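First up is the structure itself, then whatever we jot down about it.
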Amino acid sequence: MQLTGSHVLNAPVARVWSMLMDPDTLAQIVPAVSRLEKVGENEFNAIAEIKLGPVNGAFSGGLSLSDIRENEGYNLHVKQTSKIGNADALISINLKPVSDSETELTFDGNARLSGLLARTGQRVISGVANTLTKQFFTNFEEALAAS
């Protein structure tokens with residue numbers, strides 16, 4: 001499943017970068033994440049509760065960051081398991097200044113799904129992914145406004 005999108009955030013690149021590198025902030029703004037714990041240098045354990053159409057599940061597993069380029073972006077590898085299936089995704093996250101006070105965040109990657117997740121219709125999975133993406137950017141804007 002292809003994952004792509006972009007959004008212009010109302011903050012300079014350095015501020016957006018700082019929030020993307022803060023596990024506490026990420027735990028607040030990433031939808032469905034109930035726990036995000038740093039376990040090593042650029043390594044995290046996470047638990048997420050996600051509803052996919054008629055099924056829902058608690059996902060647990062790891063997140064890791066690589067190819068970290070300060071104020072430019074990084075690669076995010078997500079590997080999660082649950083009773084309804086597994087997800088393995090590699091996503092490139094990039095930042096680009098639009099102005100002194102705005103930053104465009106883009107993401108592009110692929111997710112491999114297995115189990116019931118893989119058998120769930122593509123339309124349902126894409127709809128959930130779009131909803132979670134919109135919620136992420138809404139949460140990010142709210143966190144920027146509050147800080």
Side-chain angles (χ1 to χ4, degrees), residues 1-53 55-98 102-144:
M1 180 173 81
Q2 186 71 27
L3 302 168
T4 61
S6 68
H7 185 82
V8 175
L9 296 160
N10 293 314
V13 167
R15 190 159 169 228
V16 171
W17 176 258
S18 156
M19 293 178 79
L20 284 176
M21 297 303 288
D22 181 357
D24 292 334
T25 299
L26 288 176
Q28 294 173 357
I29 66 175
V30 176
V33 169
S34 59
R35 195 172 101 207
L36 183 66
E37 175 184 40
K38 187 171 184 167
V39 293
E41 187 67 28
N42 302 316
E43 302 277 337
F44 303 89
N45 284 337
I47 296 177
E49 307 274 343
I50 297 177
K51 182 168 177 34
L52 301 164
V55 296
N56 59 29
F59 292 82
S60 62
L63 307 164
S64 63
L65 307 180
S66 63
D67 189 27
I68 298 170
R69 296 161 277 117
E70 187 171 349
N71 294 331
E72 293 180 10
Y74 53 74
N75 291 331
L76 173 64
H77 184 203
V78 179
K79 198 166 187 171
Q80 298 279 290
T81 60
S82 78
K83 65 180 182 183
I84 61 170
N86 304 319
D88 190 341
L90 182 60
I91 304 163
S92 175
I93 296 172
N94 294 291
L95 301 177
K96 183 173 91 179
V98 175
E102 293 180 315
T103 302
E104 181 180 32
L105 187 157
T106 61
F107 61 93
D108 183 30
N110 285 301
R112 288 178 291 162
L113 306 175
S114 63
L116 182 58
L117 282 176
R119 293 190 298 274
T120 302
Q122 179 68 31
R123 204 177 296 170
V124 171
I125 297 289
S126 293
V128 170
N130 287 336
T131 299
L132 293 174
T133 299
K134 288 178 186 172
Q135 187 62 53
F136 169 77
F137 286 121
T138 298
N139 293 348
F140 208 146
E141 290 284 3
E142 289 174 359
L144 285 167

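Here the structure is a predicted model, which means the values were calculated and not measured. When a residue number appears, it is its place in the shown sequence, counting from 1.
Across all non-hydrogen atoms, the minimal contact from Ile50 to Ala32 is CG1-CB, 3.7 Å. Of all non-hydrogen atoms in Leu132 and Pro31, the two that sit nearest each other are O-CG, 3.2 Å. Pro12 approaches Thr103 most closely through the heavy-atom pair C-OG1, 3.1 Å. The shortest non-hydrogen separation linking Pro23 to Leu36 is O-CD2, 3.5 Å. The minimum heavy-atom distance between His77 and Ala89, with the atom names listed, is CD2-O, 3.1 Å.
A 4.5 Å side-chain heavy-atom check between Leu63 and Leu76 finds at least one atom pair inside the cut-off. Counting only heavy atoms from C-beta outward, the side chains of Arg15 and Leu144 approach each other to under 4.5 Å. Between Glu141 and Leu9 there is a side-chain heavy-atom pair separated by less than 4.5 Å.
With sequence neighbours left out, the ring pair (Phe, Tyr, Trp, His ring centres under 6.0 Å) criterion links His7 to Phe137. Asp108 meets the salt bridge (charged side-chain N to carboxylate O under 4.0 Å, His left out) test with no other residue; sequence neighbours excluded. Residues satisfying the salt bridge (charged side-chain N to carboxylate O under 4.0 Å, His left out) criterion with Lys96, sequence neighbours excluded, are Glu104. Evaluation of the ring pair (Phe, Tyr, Trp, His ring centres under 6.0 Å) rule for Phe140 yields Phe136 as partners, not counting sequence neighbours. Gln135 meets the side-chain hydrogen bond (donor to acceptor under 3.5 Å, both in side chains) test with Asn139; sequence neighbours excluded. By the side-chain contact (heavy atoms from CB on, under 4.5 Å) test, Ala87 is found to be paired with Leu113, residues two or more places apart in sequence or in another chain being considered. When the side-chain hydrogen bond (donor to acceptor under 3.5 Å, both in side chains) test is applied to Asp22, the partners found at least two apart in sequence or on another chain are Thr25. Partners of Thr81 by side-chain hydrogen bond (donor to acceptor under 3.5 Å, both in side chains), not counting sequence neighbours: none found.
With Gln80 contributing its side chain and Asp88 its backbone, the two residues share no donor-acceptor pair below 3.5 Å. Proximity of a side-chain donor or acceptor of Arg112 to a complementary backbone N or O of Asn86 within less than 3.5 Å is not detected.
Within the structure, no pair that satisfies the ring pair (Phe, Tyr, Trp, His ring centres under 6.0 Å) test touches residues 26-48, not counting sequence neighbours. For residues 110-130, no pair satisfies ring pair (Phe, Tyr, Trp, His ring centres under 6.0 Å), with sequence neighbours left out. Applying the side-chain hydrogen bond (donor to acceptor under 3.5 Å, both in side chains) rule to pairs touching residues 124-134 yields Gln122-Ser126, sequence neighbours excluded.
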Atom pairs and distances, donor-acceptor, side-chain atoms in residues 64-75, under 3.5 Å, two or more places apart:
residue: Asp67; atom: OD2; partner: Arg69; partner atom: NE; Å: 3.4
residue: Arg69; atom: NE; partner: Asp67; partner atom: O; Å: 3.3
residue: Arg69; atom: NH1; partner: Asn94; partner atom: OD1; Å: 3.4
residue: Arg69; atom: NH2; partner: Asn94; partner atom: OD1; Å: 3.4
residue: Tyr74; atom: OH; partner: Leu20; partner atom: O; Å: 3.4

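Taken from CD1 in Ile47 to OG in Ser82, the straight-line distance is 12.0 Å, to the nearest 0.5 Å.
Partner of Leu105 under the side-chain contact (heavy atoms from CB on, under 4.5 Å) criterion, chosen from Leu95, Val8, Val13: Leu95.
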